Amino acid sequence: MSGDEVFVTVASVLLGPGLWVWWWVRARAATPLRGRRTGAGAIAATVAGCGALIFVILKLGASLDVRNAPQYLLMYVVLGLAWLRLAEMNMAYAGISVRDDVIERRNRAAIPATVGGLVGVTLCYAGGNIGNGPGWWVVVFAAALATGTLAVARLVHERLTAANDVVTIDRDPSAGVRMGAFLAACGLLLGRAVAGDWVSALATVRDYARFLPAVAVLVVLGVVIERIARPTPERPRAPMSVFGTGVAIVYLGFAAAYVAMFEWPV
């Protein structure tokens, strides 16, 4: 490994596993001694699952010099965990705080929304690892492109629907499921958008642009559904089977079908 790769690995260990362990310690300290269980365990399990997903995708689709090199597998896994940790720290600015809403306020509706957000970011990062490339900076460029677009999609969706309020104030479980599925579906599209062998930054952007119409469709679909499903005095809780699980199947099914239209990039 070169000097910059060693630096990235060490920094990622501190920002990824290191800060996640610190998060877990603080989450345990913030857990009420009495009352219902919080979602800290669900978030921890999600992070572990996301780390495993990154490893599997690296083994199956990363550069040939990465797949069978333990040091590079370690580097990209811990870099992914660091990427995920930074994303979690910024979730509060997007409207849902893991510490405040999931742990301290024990808002069950915020759990699937947070889980879906973490999965979406993971898919964005994992997609940037698929294909052959000259180094870690290529992964960072592709993953940043996808993750930034996911953040924009979430912002636009929120500005047009105020969906965060339905999750954090109304505590509507189906709204949490819808948001989580929306973010995971966008992450699937955007992760695939930046996957493939590296040719140039311009070529990556061109390939990525082919998936933007599908992301736009998801945003429009999400806006329409949120306006139909949001709570009313006559219906304070939308039916989970229709506006929770049902909508999640639509979002994820649409994203999977669109991705299936394109060949596997490697």
Side-chain angles (χ1 to χ4, degrees), residues 16 20 39 42-57 77 79-98 101-102 109-130 139-140 142-159 161 163-164 167 175-195 208 211-223 225-226 244-245 247-259:
W20 276 119
I43 303 303
T46 299
V47 172
C50 288
L53 177 62
I54 292 171
F55 177 81
V56 170
I57 291 177
V77 169
L79 178 58
L81 291 175
W83 199 271
L84 204 59
R85 183 70 185 97
L86 295 176
E88 186 278 326
M89 293 171 67
N90 284 290
M91 282 185 176
Y93 297 102
I96 298 179
S97 168
V98 175
D101 295 303
V102 175
I111 296 175
T114 301
V115 169
L118 292 174
V119 171
V121 171
T122 299
L123 293 172
C124 288
Y125 172 79
N129 283 273
I130 295 175
V139 172
V140 170
L145 183 62
T147 306
T149 307
L150 177 63
V152 171
R154 180 172 189 168
L155 177 62
V156 172
H157 181 269
E158 166 59 22
R159 290 296 176 88
T161 64
N164 286 339
V167 174
V177 172
R178 289 195 304 273
M179 181 177 292
F182 171 79
L183 295 173
C186 287
L188 177 60
L189 289 170
L190 292 167
R192 174 59 185 86
V194 296
Y208 144 90
F211 290 81
L212 291 182
V215 175
V217 169
L218 268 181
V219 172
V220 172
L221 184 61
V223 170
I225 289 175
E226 286 300 321
T245 307
V247 171
I249 292 172
V250 171
Y251 287 160
L252 295 171
F254 170 77
Y258 194 86
V259 167

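What you see below is based on every heavy atom in this structure, not just the backbone, and it leaves out hydrogens, waters and symmetry mates. As the structure is a computational prediction, the values presented were derived from the model and not from experiment.
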Colleague: Quick check: does any side chain N or O of W20 sit under 3.5 Å from a backbone N or O of L81, one acting as donor and the other as acceptor?
Modeller: yes
Colleague: Is any side-chain heavy atom of V177 closer than 4.5 Å to one of V247?
Modeller: no
Colleague: Is any side-chain heavy atom of Y125 closer than 4.5 Å to one of L79?
Modeller: yes
Colleague: To the nearest 0.5 Å, what is the distance between SG on C186 and OH on Y251?
Modeller: 9.0 Å
Colleague: Rounded to the nearest 0.5 Å, what's the gap from OG1 on T149 to CG on L189? Could you check?
Modeller: 11.5 Å
Colleague: Decide yes or no on side chain to side chain contact (heavy atoms under 4.5 Å, CB included) for L190 and L123, but give the supporting numbers first.
Modeller: CA-CA 8 Å; L190 292 167; L123 293 172; over 6 Å; no
Colleague: Kindly indicate, with the supporting measurements, whether the criterion side chain to side chain contact (heavy atoms under 4.5 Å, CB included) is fulfilled by M91 and L118.
Modeller: CA-CA 9 Å; M91 282 185 176; L118 292 174; 3.5 Å; yes
Colleague: Could you report the tightest heavy-atom contact between G187 and L150, atom names first, then the distance?
Modeller: N-CD1, 4.1 Å
Colleague: What are the two closest non-hydrogen atoms of L183 and G117, and how far apart are they?
Modeller: CD1-CA, 3.7 Å
Colleague: Could you tell me which non-hydrogen atom of I57 sits nearest to which non-hydrogen atom of A126, and how far apart they are?
Modeller: CD1-CB, 3.5 Å
Colleague: For the backbone of A94 and the side chain of N164, can you confirm whether one donor and one acceptor N or O come within less than 3.5 Å of each other?
Modeller: yes
Colleague: Name the residue from T161, T245, V250, I225 that meets the side chain to side chain contact (heavy atoms under 4.5 Å, CB included) definition with R178.
Modeller: I225
Colleague: How far apart are the closest heavy atoms of I130 and A195, and which atoms are they?
Modeller: CB-CB, 3.8 Å
Colleague: Roughly how far apart are I54 CD1 and W83 CH2, rounded to 0.5 Å?
Modeller: 11.0 Å
Colleague: So I96 and T114, do their side chains get closer than 4.5 Å, heavy atoms only?
Modeller: yes
Colleague: Evaluate F211 against V194 for side chain to side chain contact (heavy atoms under 4.5 Å, CB included), listing each step before the verdict.
Modeller: CA-CA 9 Å; F211 290 81; V194 296; over 6 Å; no
Colleague: How far does OH of Y208 sit from CG of L145, to the nearest 0.5 angstrom?
Modeller: 4.5 Å
Colleague: Is the shortest heavy-atom distance from the side chain of V98 to the side chain of M89 under 4.5 Å?
Modeller: no
Colleague: Just how far is it from atom CG of L188 to atom CG of L252, taken to the nearest 0.5 Å?
Modeller: 8.0 Å
Colleague: Would you name the heavy atoms of V215 and A153 that are closest together and state the gap between them?
Modeller: CG1-CB, 4.2 Å
Colleague: State, to 0.1 Å, how close E158 and A163 come at their nearest heavy-atom pair, and which atoms those are.
Modeller: OE1-N, 3.0 Å
Colleague: For the NE2 atom of H157 and the CD atom of E226, what is their distance to the nearest 0.5 Å?
Modeller: 4.5 Å
